[in-house]
Amino acid sequence: MSAQDRPRLAAVMGWPVMHSRSPLMHGYWMERLGLTGGYVPLAIEPGALAPALKALHPLGFAGCNLTIPHKQDALAIVDEIDEVARRIGAISCVVVRPDGTLFGTNNDWLGFLGNLYEAQPDWRADAGPVTVIGGGGGARAIVHAMLSEGVPELRLVNRTQARAQQIADTFGGPVTVLPWEDRHDALDGVTLAINTTSQGMVGMEPLDLRLDALPADAIAADIIYTPLETPFLAAANARGNATVNGLGMLLHQGPPAWKLWFGLTPEVTPELRARLERSILGR
């Protein structure tokens with residue numbers, strides 16, 4: 001069998017993982033490009049990631065995506081980590097090299113930027129401050145994205161201030177950590193406000209954030225996509241702010257992974273987005 005005819009295989013590893021929309025997305029691209037292969041969800045229990053990753057090469061996989069709770073654990077397992085994943089402190093994409101060694105990177109920040117520019121192409125990083133709410137892995141990816149674009153001022157707010165300070169210490173630059181009680185005022189004068197917490201996700205409490213200080217022309221973004229419109233985004237919409245939900249972040253981190261795994265760059269199409277939206281809405 002020639003390399004061209006060999007099935008393209010990839011996976012997503014998480015615990016739990018069956019809720020992931022990634023197989024639907026990658027399956028769409030396999031279908032559109034007429035490829036033989038598949039993208040499968042693998043439920044890998046905490047602590048079992050190392051043998052699972054080592055099994056990818058003998059099984060013929062080109063790589064995998066990682067989701068909760070494996071993104072940090074992979075740092076100590078793969079053979080090589082790029083600087084982006086090291087700074088973000090998490091691996092979202094693993095590449096299986098021909099010799100079986102594993103390379104880890106993080107495409108979450110690229111997914112966020114691709115989503116932002118698709119939804120709001122006129123946003124300019126140098127136009128003013130950005131506020132990021134949260135202090136976890138998602139926040140680290142977003143901070144990296146914003147600094148890579150040249151944001152002049154980044155205000156970071158997290159319930160546990162020490163975690164936000166760790167991010168600021170890692171990235172340096174124009175990152176200012178504000179106490180949680182100042183989160184409402186942290187929106188004053190920003191061009192973009194981003195929720196990276198799980199608050200507002202299905203089954204979670206809404207994000208406790210007043211939008212009084214948010215400028216009328218600012219964008220509100222969320223990395224959550226279940227629901228498609230979080231209470232934070234609904235409140236921003238109600239007052240006339242442009243909004244960006246988290247679904248596009250999932251969509252746009254896919255093509256960089258394909259480039260690494262298969263040497264191909266699939267397209268994020270309106271049809272693909274509609275398919276995922278229908279899946280999330282249960283239609």
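Bear in mind that the values here come from a model prediction, so they are computed numbers and not experimental data.
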* To do: Mind running side chain to side chain contact (heavy atoms under 4.5 Å, CB included) on I167 and V132 for me, showing each step along the way?
  => CA-CA 11 Å; I167 297 175; V132 176; over 6 Å; no
* Starting from the C-alpha separation in whole Å, work towards a yes-or-no answer on side chain to side chain contact (heavy atoms under 4.5 Å, CB included) for Q165 and V175. => CA-CA 9 Å; Q165 190 59 54; V175 181; over 6 Å; no
* Can you check salt bridge (charged side-chain N to carboxylate O under 4.0 Å, His left out) on D99 and R97, steps first, answer last? -> CA-CA 5 Å; D99 65 356; R97 291 171 167 159; over 6 Å; no
* To do: Tell me, with the steps shown, if R124 and E149 meet salt bridge (charged side-chain N to carboxylate O under 4.0 Å, His left out).
  => CA-CA 9 Å; R124 288 179 45 206; E149 293 298 282; over 6 Å; no
* Could you walk me through whether Q253 and M25 pass side chain to side chain contact (heavy atoms under 4.5 Å, CB included), step by step? => CA-CA 11 Å; Q253 57 80 32; M25 177 176 77; 3.8 Å; yes
* Working for side-chain hydrogen bond (donor to acceptor under 3.5 Å, both in side chains), residues N195 and T197 -> CA-CA 6 Å; N195 174 43; T197 75; 2.7 Å; yes
* **From CA spacing to verdict: side chain to side chain contact (heavy atoms under 4.5 Å, CB included), L35, F262** => CA-CA 11 Å; L35 300 177; F262 308 130; 5.5 Å; no
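Cluster membership for L187 and I219, using ILVMFWY side-chain heavy atoms within less than 4.5 angstrom, is not shared. L250 and I223 fall into different hydrophobic clusters, where Ile, Leu, Val, Met, Phe, Trp and Tyr are joined by side-chain heavy atoms under 4.5 Å apart, directly or via other members. Both I88 and M146 sit in one connected hydrophobic cluster of ILVMFWY residues. Membership requires side-chain heavy atoms under 4.5 Å apart, directly or through other members. Residues V84 and L75 fall into different hydrophobic clusters, defined by Ile, Leu, Val, Met, Phe, Trp and Tyr side chains chained together at heavy-atom separations under 4.5 Å. Residue L154 is not grouped with residue V190 when hydrophobic side chains (ILVMFWY) are merged at heavy-atom distances under 4.5 angstrom, including chains of intermediate members.
The shortest non-hydrogen separation linking P46 to P69 is CG-CG, 4.0 Å. For the residue pair A242 and Q120, the shortest heavy atom distance occurs at CB-NE2, 3.5 Å. Closest non-hydrogen pair, A236 versus A220, comes out as CB-CB, 3.6 Å. Looking at every heavy atom in both residues, E45 comes nearest to H70 through O-CE1, 3.7 Å. The nearest pair of heavy atoms linking A11 to L42 is CB-CD1, 3.7 Å. When all heavy atoms of W109 and H144 are compared, the pair lying nearest together is CD2-CD2, 3.4 Å.
The neighbour count for E181 CD, taken as heavy atoms of other residues, nucleotides or ligands under 6.0 Å away, is above 12.
In this structure, R86 CZ and T105 OG1 are separated by 11.0 Å, a value rounded to the nearest 0.5 Å. Here CD1 of I91 is found 8.5 Å from CD1 of I77. Values are rounded to the nearest 0.5 Å. Distance check: L178 CG to Q161 CD gives 8.0 Å after rounding to the nearest 0.5 Å. In this structure, CD in E267 is found 9.5 Å from CG in L272, a value given to the nearest 0.5 Å. Distance check, rounded to the nearest 0.5 Å: NZ of K54 to CG of L49 gives 10.0 Å. To the nearest 0.5 Å, the span separating CZ on R273 from CG on L228 amounts to 9.5 Å.
The main-chain N or O of L233 is found under 3.5 Å from a side-chain atom of T230 such that the two form a donor-acceptor pair. Side-chain atoms of R140 come within 3.5 Å of backbone atoms of R87 as a donor-acceptor pair (strictly under, hydrogens ignored). The closest donor-acceptor contact from the side chain of W15 to the backbone of I68 lies at 3.5 Å or more, if one exists at all. Counting only distance, with no hydrogens or angles, the side chain of R21 and the backbone of H19 share a donor-acceptor pair below 3.5 Å. Formation of a donor-acceptor pair under 3.5 Å by the N106 side chain with backbone atoms of A85 is not found in this model. Distance alone, capped at 3.5 Å, places no donor-acceptor pair between the R155 side chain and the T131 backbone. In terms of modelled atom types and a separation under 3.5 Å, the side chain of W261 and the main chain of V94 share a donor-acceptor contact. No donor-acceptor distance shorter than 3.5 angstrom exists from the side chain of N158 to the backbone of R163, with no hydrogens or angles considered. The closest donor-acceptor contact from the side chain of H26 to the backbone of V40 lies at 3.5 Å or more, if one exists at all. For the pair S279 (side chain) and R275 (backbone), a donor-acceptor distance under 3.5 Å is absent.
You'll find the side chain of F103 stays beyond 4.5 Å of the side chain of V78, heavy atoms only. Using a 4.5 Å heavy-atom cutoff, the side chains of L33 and W258 are in contact. The side-chain heavy atoms of L56 and C64, taken from C-beta on, include a pair separated by under 4.5 Å. Side-chain atoms of Y28 and L24, non-hydrogen and from C-beta on, never get closer than 4.5 Å to each other. No side-chain heavy atom of P206 sits under 4.5 Å from any side-chain heavy atom of F232. With a 4.5 Å cut-off on side-chain heavy atoms, V177 and V157 do not count as touching. Counting only heavy atoms from C-beta outward, the side chains of T67 and V12 approach each other to under 4.5 Å. Taking 4.5 Å as the limit, some side-chain heavy atom of N237 sits within range of a side-chain heavy atom of E229.
Just one of L110, N107, D108 meets the side-chain contact (heavy atoms from CB on, under 4.5 Å) condition when paired with C93; it is N107. Each of R183, H184, R159, Q199 was checked for a side-chain hydrogen bond (donor to acceptor under 3.5 Å, both in side chains) with D208, and the lone residue meeting it is R183.
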